[in-house]
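Notes to accompany the following structure.
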Amino acid sequence: MTDAELKYIVDKKSGNYWTLTRMGGDPNQKKEDQTFFAEGDTMTVCLVNEYALGSIFSSLGSLGFIGIYVTVVLAVGRIVRELFDKVSQRVIYEEMPNPDDLREICNAIYIARMEGNYKKEYRLYNTLIRLYRSPEMLLKLTGLTIPKKSINE
C-alpha cells in the first residue's frame, strides 16, 4: 500500500483541479518511475469533513425520554387548546339554523359595490354589523330552532 496525498487546487487562471502526490518514497527516484499502484490494486480515497451539521433528531436525542415526552405532550396540548378556543363565543355564528337572509345581505353589499352605489353599500354594511352585534336580532332573523338532520346524512 502506498500513501498518497490528494489535493483540490483552486486556480483562477487554469481552473480548479485535483492533484495526487506520493507521500514518502525515494526523493532521488525519477517521478516517472514512481508508480502509485501495482497492477490489480484499487485506489481508496478517504475524505474527512471538519464538522457535521446537526439534525433535529440529534438535538432531541440529547433531551432524553422525559424531554421528548414533555415536548410532544405540550405540542399536542397546544393544538387541542387552539381547536377548542372560544367555542362558546363562536357557536352562535357557526350554528345558525337558517342563514339565508344574512347571505342575501352579503350578496346585496357585493352588488351595491359593483354598481358603485356606495351609500346603499354603507347602509347594508351597517345593518349587517348591527345584526351581528345583537344576538337577539340574529336569532329572530335566522330562526330559533335548529332543523333536525336525518341519521343517513
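Counting begins at 1 with the first residue of the sequence.
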- Message: Among residues at least two apart in sequence or on other chains, which ones pass ring-ring contact (aromatic ring centres under 6.0 Å, His included) with Tyr132?
- Response: Tyr93
- What residues form a ring-ring contact (aromatic ring centres under 6.0 Å, His included) with Tyr8, not counting sequence neighbours? Trp18
How would you list, by chain and number, every residue that makes a side-chain contact (heavy atoms from CB on, under 4.5 Å) with [X], sequence neighbours excluded?
| X | answer |
| --- | --- |
| Arg133 | Ile129 |
| Lys120 | Ala112, Asn117, Arg123, Leu124 |
| Lys7 | Glu5, Ile9, Thr19 |

- Item | salt bridge (Lys or Arg N to Asp or Glu O under 4.0 Å) contacts in which one or both residues fall within residues 101-117, not counting sequence neighbours | Asp100-Arg103, Arg113-Glu121
- Please report the closest heavy-atom contact between Gly143 and Pro97, naming both atoms and the distance. O-CG, 3.4 Å
- Note on the structure: Between Leu138 and Leu102, the two heavy atoms sitting closest are CD1-CD1, 3.7 Å
- Applying ring-ring contact (aromatic ring centres under 6.0 Å, His included), which residue pairs with at least one partner in residues 95-129 are found, sequence neighbours left out? none
- Message: Which residues end up grouped with Val73 if you chain together Ile, Leu, Val, Met, Phe, Trp and Tyr wherever their side-chain heavy atoms are less than 4.5 Å apart?
- Response: Tyr69
- Set of side chain to side chain donor-acceptor pair (under 3.5 Å) partners for Asp85, sequence neighbours left out: none
- Task: Any chance you could measure Met137, atom CE, to Thr127, atom OG1, to the nearest 0.5 Å?
- Result: 8.0 Å
- Query: Taking only residues two or more places apart in sequence, or in another chain, which ones meet Glu94 in a salt bridge (charged side-chain N to carboxylate O under 4.0 Å, His left out)?
  - Reply: Arg90
- Item | Test applied, side-chain contact (heavy atoms from CB on, under 4.5 Å); reference residue, Met96; option that passes from Thr142, Leu139, Leu141 | Thr142
